[in-house]
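Everything below concerns the one structure shown next.
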Amino acid sequence: MTSANFQQEILQKLSEHCQVYIVGGAVRDAQWGIASKDVDAVMAMPLLEIEQKLLEWGYKPHIIGAHQQTVSVFQGTEHLDLVNFSGDV
């Protein structure tokens, strides 16, 4: 995957707790071999737990959205959006 180091670090740490799936434009960008400034991922972990882990690791996450909430982490012009899911993969 071609993304910012902070995005890779977060995804790696989260993958130690549950499966993490990269979705959206970041998948296309990786196929084309270009860096993605916006990475979207889904996982089977509650949003509040994701937020807590990010805080423990020194990040400043934001829960955004009223209907479909996401945990977002920003660094410069790059960001990572995390969503939980409860269905089968």
Side-chain angles (χ1 to χ4, degrees):
M1 178 182 72
T2 55
S3 63
N5 287 338
F6 92 97
Q7 295 162 325
Q8 291 178 13
E9 180 179 299
I10 291 172
L11 294 172
Q12 177 63 39
K13 286 181 175 183
L14 288 171
S15 70
E16 295 170 5
H17 299 279
C18 70
Q19 291 281 12
V20 177
Y21 300 93
I22 299 167
V23 298
V27 175
R28 176 205 59 229
D29 293 348
Q31 290 293 313
W32 289 350
I34 59 174
S36 182
K37 293 184 178 190
D38 173 23
V39 175
D40 302 315
V42 296
M43 63 199 67
M45 181 185 290
L47 289 179
L48 292 178
E49 188 175 339
I50 295 169
E51 179 187 38
Q52 183 59 41
K53 291 203 177 296
L54 291 168
L55 287 169
E56 289 171 10
W57 298 331
Y59 294 100
K60 295 179 181 175
H62 304 276
I63 295 183
I64 298 173
H67 179 68
Q68 176 63 41
Q69 292 187 321
T70 64
V71 176
S72 296
V73 183
F74 300 90
Q75 191 171 71
T77 61
E78 298 159 340
H79 70 279
L80 173 64
D81 294 319
L82 304 161
V83 178
N84 72 324
F85 68 94
S86 58
D88 294 331
V89 178

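In this chain, residues are counted from 1 in sequence order. Because the structure is predicted, anything quoted here is derived from the model rather than measured.
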Distance in Å, [X] [atom1] paired with [Y] [atom2], rounded so as to fall on 0.5 Å steps:
{"X": "Lys60", "Y": "Leu55", "atom1": "NZ", "atom2": "CG", "answer": "10.0 Å"}
{"X": "Gln75", "Y": "Asn5", "atom1": "CD", "atom2": "CG", "answer": "8.5 Å"}
{"X": "Lys53", "Y": "Leu48", "atom1": "NZ", "atom2": "CG", "answer": "12.5 Å"}
{"X": "Gln52", "Y": "Met45", "atom1": "CD", "atom2": "CE", "answer": "11.5 Å"}
{"X": "Leu80", "Y": "Asp40", "atom1": "CG", "atom2": "CG", "answer": "8.0 Å"}
{"X": "Lys13", "Y": "Leu54", "atom1": "NZ", "atom2": "CG", "answer": "9.0 Å"}

TODO: Measure from the side-chain N and O atoms of Gln7 to the backbone N and O of Lys37, and report whether any donor-acceptor pair falls under 3.5 Å.
DONE: yes
Task: Residues in side-chain hydrogen bond (donor to acceptor under 3.5 Å, both in side chains) contact with Asp81, at least two apart in sequence or another chain - done: Ser72, His79
Open item on the list: According to ring-ring contact (aromatic ring centres under 6.0 Å, His included), who are the partners of His17, at least two apart in sequence or on a separate chain?
Closed with: none
Task: Ile64-Val71 co-clustered via ILVMFWY side chain contacts under 4.5 Å - done: no
Task: Within residues 14-24 or reaching into it, pairs that qualify as salt bridge (charged side-chain N to carboxylate O under 4.0 Å, His left out) - sequence neighbours excluded - done: none
Between [X] and [Y], which heavy-atom pair has the shortest distance, and what is it?
{"X": "Tyr59", "Y": "Phe6", "answer": "OH-O, 4.1 Å"}
{"X": "His62", "Y": "Phe74", "answer": "CD2-CD1, 3.8 Å"}
{"X": "Ile10", "Y": "Trp57", "answer": "O-CZ3, 4.4 Å"}
{"X": "Cys18", "Y": "Ala44", "answer": "SG-N, 4.2 Å"}
{"X": "Asp29", "Y": "Ala35", "answer": "OD2-O, 4.3 Å"}
{"X": "Leu47", "Y": "Leu82", "answer": "CD2-O, 3.8 Å"}

- [ ] Inspect the surroundings of CD in Gln69 and state if more than 12 heavy atoms from other residues, nucleotides or ligands are less than 6.0 Å away.
- [x] yes
